[in-house]
Amino acid sequence: MGILVRIRKVLMLAPLVAMTTVMSVVSGAGSSSADNASDLALYHPSSGWAQGLMGAGSVTSTGAGVTIYVIDGPMNVNLPEFGGRASIAQNYFAPNTTETFLDDHATEVAVAAAGSTLGLAKQATIKSVQVRPDCSGDCVDIQRLVDGVNWVRTDHQGKGPAVAVISANLSSNIGFGHDPNHQLRDAVNALAADNVFVAVSAGNYDDTVPAPLQPLSVNACFNPPADAAGPMIAAASDASDKHVWQEITPSGAGHSVQKIWTSSGFGCADIFAPGQWIDTKLADGTDTMQSGTSFSTPYVAAAAALYKSKFGDAASPTIKTWLLQHAAPMKGLYTNWLYGNDPTGRLNLNGL
């Protein structure tokens with residue numbers, strides 16, 4: 001019955017997505033969270049749930065000696081949460097100016113990766129590579145993003161172990177096909193091949209995606225740079241170890257509906273990590289909880305930093321293999337006739 005309810009909801013909310021969903025098989029899925037009162041806690045699980053689920057309490061590595069490049073907007077590097085470990089490494093947002101705009105998204109990503117209380121790699125060095133949205137909303141300027149990735153490839157030379165986190169996807173924001181020459185894909189693959197472990201978000205389907213692109217946006221392969229083979233592509237799971245699918249994201253204290261979103265998966269996604277109601281901080285230091293693959297991805301990058309800090313500067317494929325071998329089994333998976341299967345594992349920190 002849970003499967004029928006889930007399909008009916010998709011048909012009502014996103015008809016074009018339904019074309020790919022109706023022909024899918026849902027494994028291990030009960031009723032969806034809006035259909036069962038006992039599941040309502042998934043909308044707002046208790047603080048710290050994600051780290052507890054991943055086994056962060058058993059981690060002995062600190063990330064010390066590893067640099068995490070946050071390729072995102074202009075983050076607040078002066079937050080106490082960073083303890084002086086963060087700096088602006090390169091600025092494509094406002095080069096050669098004194099402009100001081102601060103971006104919540106970039107700061108939230110960095111805190112989840114390496115905050116001293118809310119992050120995983122609590123002693124890693126954080127370098128902010130600031131690539132700024134070039135239009136209103138969440139638009140991403142592809143050339144700045146490519147330049148930022150290429151800059152990291154040069155900067156890390158001779159400076160010790162490094163990882164990078166890219167919580168940005170082009171097609172969800174600008175439209176499928178915006179990387180027609182694959183310059184972003186090629187840049188990210190080159191960075192990963194140059195011994196920088198790269199974690200990339202799988203992307204999100206939400207109700208702002210243009211209708212003709214909705215069936216594509218649930219497939220990570222259509223969300224550059226999630227089409228790259230070199231990085232590890234992170235999809236978002238919830239507190240019950242299920243693929244976040246058609247979840248309602250409340251907004252503000254009144255919990256009014258902000259949007260309905262689904263973690264992209266299938267195809268190019270490699271692993272799940274918690275990505276719903278993640279503890280982090282805004283640029284002004286205010287505590288917040290955020291949802292999306294943007295916030296599962298820094299956990300994967302941080303896990304790679306913990307690995308390098310503990311075991312040495314291994315090649316990216318070695319670390320990807322280790323993380324997949326140690327992943328915890330997911331409880332709710334989707335098999336799609338067109339795009340392929342979901343990843344079967346969720347990030348697990350035991351052994352780091």
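Since the model is a prediction, treat every value here as computed from it, not as a measurement. Position 1 is the first residue of the sequence, and the numbers go up from there.
Taking all atoms of both residues into account, the shortest heavy-atom contact from Gly275 to Ala236 is CA-CB, 3.8 Å. Taking each heavy atom of Gly48 and Asp279 in turn, the nearest pair found is N-OD2, 2.6 Å. When all heavy atoms are compared, the tightest approach of Ile166 to Val198 is CD1-CG1, 4.0 Å. Scanning all heavy atoms of the two residues, the minimum distance from Leu306 to Ala121 falls at CD2-CA, 3.9 Å. Between Ala110 and Phe82 the shortest heavy-atom distance is CB-CZ, 3.7 Å. The minimum heavy-atom distance linking Ala164 with Ile71 is given by the pair CB-CD1, 4.3 Å.
Ser296 places a side-chain N or O within donor-acceptor distance of the main-chain N or O of Thr293, the cut-off being under 3.5 Å. No donor-acceptor pair closer than 3.5 Å links the side chain of Arg153 to the backbone N or O of Leu191. Counting only distance, with no hydrogens or angles, the side chain of Thr62 and the backbone of Gln123 share no donor-acceptor pair below 3.5 Å. Using modelled atom types, one side-chain atom of Glu81 and one backbone atom of Ser116 make a donor-acceptor pair closer than 3.5 Å. Side chain of Asp238 to backbone of Gln276: no donor-acceptor contact under 3.5 angstrom is found. In this structure, Thr321 contributes its side chain and Pro317 its backbone to a donor-acceptor pair below 3.5 Å. No donor-acceptor pair under 3.5 Å is formed between the side chain of Asp72 and the backbone N or O of Val131. In this structure, Arg346 contributes its side chain and Leu53 its backbone to a donor-acceptor pair below 3.5 Å. A donor-acceptor contact shorter than 3.5 Å links the side chain of Lys308 to the backbone of Ala162. Put simply, the side chain of Asp104 gets close to the backbone of Ala283: a donor and an acceptor are under 3.5 Å apart.
Looking only at side-chain heavy atoms (C-beta outward), Ser128 and Met75 come within less than 4.5 Å of each other. His182 is listed as a side-chain neighbour of Asp227, based on a closest heavy-atom distance under 4.5 Å. Side-chain contact between Lys281 and Val111 is present, with heavy atoms from C-beta onward closer than 4.5 Å. For the pair Val188/Pro231, a side-chain contact is recorded, criterion being any heavy-atom separation below 4.5 Å from C-beta on. Side-chain contact between Leu184 and Leu145 is present, with at least one heavy-atom pair separated by less than 4.5 Å. Looking at Pro74 and Asp103, their side chains come closer than 4.5 Å, going by heavy atoms from C-beta outward. A 4.5 Å side-chain heavy-atom check between Asp284 and Asn76 finds every atom pair outside the cut-off. Looking only at side-chain heavy atoms (C-beta outward), Leu120 and Met54 come within less than 4.5 Å of each other.
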(request) Applying side-chain contact (heavy atoms from CB on, under 4.5 Å), run through Thr318 and Tyr307 and close with a yes or a no. (result) CA-CA 10 Å; Thr318 300; Tyr307 181 100; 3.9 Å; yes
(request) I would like to know whether Val66 and Thr125 meet side-chain contact (heavy atoms from CB on, under 4.5 Å); could you show each step before the answer? (result) CA-CA 6 Å; Val66 180; Thr125 298; over 6 Å; no
(request) Verify side-chain contact (heavy atoms from CB on, under 4.5 Å) between Leu352 and Thr60, making sure each step is shown before the conclusion. (result) CA-CA 6 Å; Leu352 292 174; Thr60 59; over 6 Å; no
(message) For a side-chain contact (heavy atoms from CB on, under 4.5 Å) check, start with the C-alpha distance between Gln143 and Gln183, then their side-chain angles and the critical distance, and finish with the verdict.
(response) CA-CA 9 Å; Gln143 191 56 56; Gln183 57 176 326; 3.4 Å; yes
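Under 4.0 Å is where a charged nitrogen must lie from a carboxylate oxygen, and between Asp155 and Lys127 at least one such pair does.
Here Asp147 contributes atom CG and Tyr92 contributes atom OH; the two are 5.0 Å apart, rounded to the nearest 0.5 Å. How far CD1 of Ile278 is from CD of Glu108: 11.5 Å, rounded to the nearest 0.5 Å. Note: Ser58 OG to Leu349 CG = 7.0 Å, rounded to the nearest 0.5 Å. In this structure, Asn150 CG and Asp186 CG are separated by 10.0 Å, a value rounded to the nearest 0.5 Å. To the nearest 0.5 angstrom, Lys320 atom NZ is 7.5 Å from Phe197 atom CZ. For the atom pair Ser240 OG and Lys331 NZ, the distance stands at 7.5 Å (nearest 0.5 Å).
No single ILVMFWY cluster, assembled from side-chain heavy atoms under 4.5 Å apart, contains both Leu282 and Val109.
Looking only at atom types and distance, the side chain of His156 has a donor-acceptor partner in the side chain of Asp194 under 3.5 Å away. Side-chain N/O atoms of His105 and Ser294 include a donor and acceptor closer than 3.5 Å.
Aromatic ring pairs are classed by plane angle as parallel below 30°, tilted from 30° to 60° and perpendicular above 60°; the pair Trp322 and His326 is parallel. By the 30° and 60° cut-offs, the orientation of the rings of Tyr69 relative to Trp151 is perpendicular.
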